[in-house]
Amino acid sequence: MNSSAGPDDTATDTATDTDTDAEVAIAAARAGTDVVRDLYGQRLTRIDKGGGDFATAADVAAEQAIVRVLRAARPDDAVLGEEGGQQGAPETTRQWLVDPLCGTLNYAVGTALVAVNVALRGGPAAVADPFSGEVFHTDGHTAWVRRDGADAPLAPTSATRLVDVNLDPPFPGAPGFRAVDLLADERFVARFRPRVVSTSLALTWVAAGKRAAYVTDGGDLSESVHFAAGIALCRAAGCVVTGVDGEPVGRSGRAGRAGRAGATGLAGRGLVVAADSETHGALMSMIRG
């Protein structure tokens with residue numbers, strides 16, 4: 001059943017200047033998924049990015065499709081893309097963060113676990129799964145998943161006991177924090193079951209109740225093209241979202257801890273996203289040792 005509370009459910013990959021930002025994010029993400037799905041399984045050119053990282057022709061083409069939608073609907077906004085970098089005035093207050101294919105290595109070897117991420121910094125966002133057809137989206141206040149044109153509210157739960165742990169480098173928290181150490185912690189093994197998917201799609205699964213939590217090392221990920229959309233979605237769904245030190249992530253978190261944390265600039269780094277406070281507390285006790 002369609003819900004009137006979610007954004008317009010019209011299935012389209014276009015957007016206009018009269019659409020809401022949430023509708024623009026959804027249309028842009030869908031445009032990216034069309035490209036990702038169409039090119040899946042083909043032999044694609046790889047673009048070396050150094051450090052063992054690379055993009056494919058699908059990453060580039062998907063980002064171009066996303067940017068076309070954003071440019072048509074919001075011509076005055078800036079865009080920061082994983083592949084194309086900064087487009088538009090960087091000082092603008094409205095900037096879209098785009099990761100056109102999160103899980104490139106999965107995709108390149110024929111594993112259909114990827115996400116298309118589109119977020120307006122500090123506002124609405126959409127994360128699309130090209131292969132399930134689901135679009136997880138938020139207007140910044142509520143969170144929904146769209147399947148076959150119908151919206152359903154996201155409801156986090158820790159019932160699955162599944163925790164995604166990102167083991168991709170780099171590991172800036174080491175030696176104090178190593179995500180891999182969780183997997184050998186007897187308390188973790190007794191309570192949870194680990195999963196490793198190497199895509200920010202895992203964040204949407206926490207918001208949707210498919211995962212109990214997600215853990216990754218990293219810097220300040222609140223405005224990362226990889227994580228901004230997933231963080232916005234999880235917050236709107238009611239998940240607990242902090243850094244691996246338990247501190248809030250992002251500018252809103254930094255503003256309130258200028259004394260103790262601001263002096264080091266290290267608080268709120270990485271991510272611990274949990275379906276509820278009990279799960280979050282359990283993970284933090286393991287991380288803190």
To the nearest 0.5 Å, how far apart are [atom1] in [X] and [atom2] in [Y]?
X	Y	atom1	atom2	result
Ser198	Asn166	OG	CG	6.0 Å
Asp53	Leu105	CG	CG	9.0 Å
Trp205	Glu134	CH2	CD	9.5 Å
Lys210	Thr157	NZ	OG1	14.0 Å
Glu223	Leu80	CD	CG	9.5 Å
Leu203	His226	CG	NE2	12.5 Å

Within the distance-only criterion (no hydrogens, no angle test), does the side chain of [X] pair as donor or acceptor with the backbone N or O of [Y] below 3.5 angstrom?
X	Y	answer
Asp217	Gly173	yes
Arg37	Pro130	yes
Arg211	Ala207	no
Arg71	Asp77	yes
Ser158	Ala275	no
Asp245	Gly268	yes
Thr33	Arg30	yes
Tyr214	Val206	no
Thr142	Asp139	no
Glu63	Gly84	yes

Check step by step if side chain to side chain contact (heavy atoms under 4.5 Å, CB included) holds for Glu247 and Thr242. CA-CA 5 Å; Glu247 294 284 351; Thr242 72; 6.0 Å; no
Applying side chain to side chain contact (heavy atoms under 4.5 Å, CB included), run through Val163 and Phe188 and close with a yes or a no. CA-CA 10 Å; Val163 176; Phe188 183 92; 3.9 Å; yes
Go through Glu278 and Arg191 one step at a time and tell me if the salt bridge (charged side-chain N to carboxylate O under 4.0 Å, His left out) criterion holds. CA-CA 12 Å; Glu278 181 182 359; Arg191 180 162 183 165; 3.4 Å; yes
Honestly curious: do [X] and [Y] fall in one hydrophobic cluster under the side-chain, below-4.5 Å linking rule?
X	Y	answer
Met286	Val215	yes
Val67	Val35	yes
Val116	Tyr107	yes
Leu120	Val98	yes
Ile66	Val36	yes

Could you walk me through whether Leu183 and Leu167 pass the side chain to side chain contact (heavy atoms under 4.5 Å, CB included) check? CA-CA 11 Å; Leu183 308 185; Leu167 302 181; 4.1 Å; yes
Heavy atoms only: give me the nearest [X]-[Y] pair and the separation to one decimal.
X	Y	result
Thr92	Ala78	CG2-CB, 3.2 Å
Val127	Ala229	CG2-CB, 3.6 Å
Ala125	Ala119	CB-CB, 3.7 Å
Glu82	Pro100	CB-CD, 3.8 Å

Taking the side chain as everything from C-beta on, heavy atoms only, tell me whether [X] gets closer than 4.5 Å to [Y].
X	Y	answer
Leu233	Thr204	yes
His137	Pro124	no
Tyr40	Gln42	no
Val249	Leu271	yes
Ile287	Val272	yes
Ile231	Arg235	yes
Arg121	Trp96	no

Do you see a donor-acceptor pair shorter than 3.5 Å between the side chains of [X] and [Y]?
X	Y	result
Ser200	Asn117	yes
Asn106	Thr111	no
Gln95	Gln86	yes

What I want to find out is whether Glu23 reaches Arg146 closely enough, with some N-O distance under 4.0 Å, to be called a salt bridge.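 Here Glu23 does not pair with Arg146 in a salt bridge, since their nearest N and O are not under 4.0 Å apart.
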Salt-bridge present (Arg94, Asp21; N to O < 4.0 Å):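 Salt bridge flag = yes for Asp21 with Arg94.
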Contacts of type ring pair (Phe, Tyr, Trp, His ring centres under 6.0 Å), residue Phe227, not counting sequence neighbours: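 Testing Phe227 for ring pair (Phe, Tyr, Trp, His ring centres under 6.0 Å), a comparison that skips the adjacent residues, returns none.
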Reference residue Phe192; test side-chain contact (heavy atoms from CB on, under 4.5 Å); the match among Leu283, Leu182, Leu162: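 Result: among Leu283, Leu182, Leu162, Leu283 is the only option passing the side-chain contact (heavy atoms from CB on, under 4.5 Å) with Phe192.
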Which residue, Val273, Asp164, Leu221, forms the side-chain contact (heavy atoms from CB on, under 4.5 Å) with Thr216?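 Result for side-chain contact (heavy atoms from CB on, under 4.5 Å) with Thr216: Leu221.
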Side chain to side chain contact (heavy atoms under 4.5 Å, CB included), that's the test. Do Val165 and Val180 meet it? Break it down for me. CA-CA 8 Å; Val165 181; Val180 70; over 6 Å; no
Would Phe171 and Phe177 count as a close aromatic pair, with their ring centres under 6.0 Å?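 They do not qualify: ring centres at least 6.0 Å apart.
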How would you list, by chain and number, every residue that makes a salt bridge (Lys or Arg N to Asp or Glu O under 4.0 Å) with Glu83, sequence neighbours excluded?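 By the salt bridge (Lys or Arg N to Asp or Glu O under 4.0 Å) rule, Glu83 matches Lys49.
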